[in-house]
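To start, the structure under review is shown below, and the notes come after it.
All residue numbers refer to positions in the sequence shown, counting from 1. Every number for a ligand or one of its atoms is a count from 1 in the order of the listing.
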Amino acid sequence: MLRNSLGSRRRTFFMQLLLITAFALTGIGMAQAQDSAPATPARISTVYTGDVINGKRVVSSLNTGDLEPGKKHLLYFRGVQMSTGQYWYVSVIVAKGAKSGKRITLTSGVHGDEMSSVHTVQTVMGQLNAAEMSGTVMAVLDVSRPALESMQRRWPSSGRGLELIDMNREWPGNENGFSAVSRQAGLVFNRLLKPNTDLAIDFHTGTTGLDASAFHIGDMSIPDVKTMMMLYPVGMIWDNPVYPGVLHNAFIDAGIPCFTPEIGAARRLDLDMIPLFVEGTLNVFKHYGVIPGTIGRTAVDANVYIAKSAFPVLITQGGFIELLVKLNDTVTPGQQVAIQRNAFGEVVAEYTSPVQGRIGGLRSDATSEPGNVLMFILSNGATVSDAPLYSE
Ligand SMILES: [Zn+2]
């Protein structure tokens, strides 16, 4: 959830060291070491592999312009291979309007324990009638398939024994990359997402052990990002581009406006919060003329709080945590927010808010080691330059 870039820098350094060593020992050149996946063509075309799984045709690349208008299409996209030689397929729904218009893409399941993201996209797609649409909505529901299969945030990789890799640090991926998850990201981004998208929304939730409130992460200096986020009846926005490697920034780097809604707790469906995000997404479709109808409630109706920062409060001791605040609470500097006890019941730490703001994320596990995130506070207070960032 919260991390700084040190881990990834260390990993990159380690990877470089490993490669230098490997090439020195074997004499294998970089070009020979890479797989020979063909380069992505300038205009992607739809390629059916000839397979049909559960009644759905399988594609290895997709151009939604090739699909019949006025209909919904259910497809599997063929992702990267597993160790057995089989493939990680991802589920794709395309609602192809009878008339042309904006192409909007919805993604979920980039993290495997974020169920409300999947359910929100399913619900939105279930409400679309392609015959009355002008434009195309594409949903990619289970992007990080192996993470979803085990209800965990990260992709299990067998590279050097089992390790777990955060797919939302891998975008836009690399079809010839050094891990299966990098290749999955590259295949999905190059052959499915980027060629078929004018606007995108990448749905997330909190993560296992750290609940989140309803809010968006996005860069409000990008006009379409601001427009889309403000069309949701959601009470908080973190106006921040966060960092490279997340899917919404890969879209933005490709010239495609995108942001990240956060829909409550991980692992379960938040059926109170999901309707807010469904309503907002349908508002986006209406605003851009993809579906008919009047705009529903928006950020103005939710009296939205727009924050520039997300301050983490880090846990300093091991022990049992008693929270004194709830999600969405307003806190003031110095306000006590939690106490922590050891196994004897003695108080070992007391935590206070460093800033004025609102609670955006809150630890849900009752115990913790030192170094974990107790909570993060969405705030417009002064920033701490080297503080780790909250991530989606
Ligand atoms: Zn996530």
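No hydrogens or angles considered: a donor-acceptor pair under 3.5 Å links the side chains of Thr107 and Asp202. There is no side-chain donor-acceptor pair under 3.5 Å between Ser116 and Asp270.
For His204, the N/O/S atom at the shortest distance from the Zn ion (ligand 1) is named ND1. Considering just the N/O/S atoms of His111, the one nearest the Zn ion (ligand 1) carries the name ND1.
No donor-acceptor pair closer than 3.5 Å links the side chain of Glu163 to the backbone N or O of Ser157.
The aromatic rings of His216 and Phe277 sit perpendicular to each other, their planes meeting at more than 60°, with 30° as the lower class boundary.
For the Zn ion (ligand 1), the N/O/S atoms of Glu114 include one lying under 2.8 Å.
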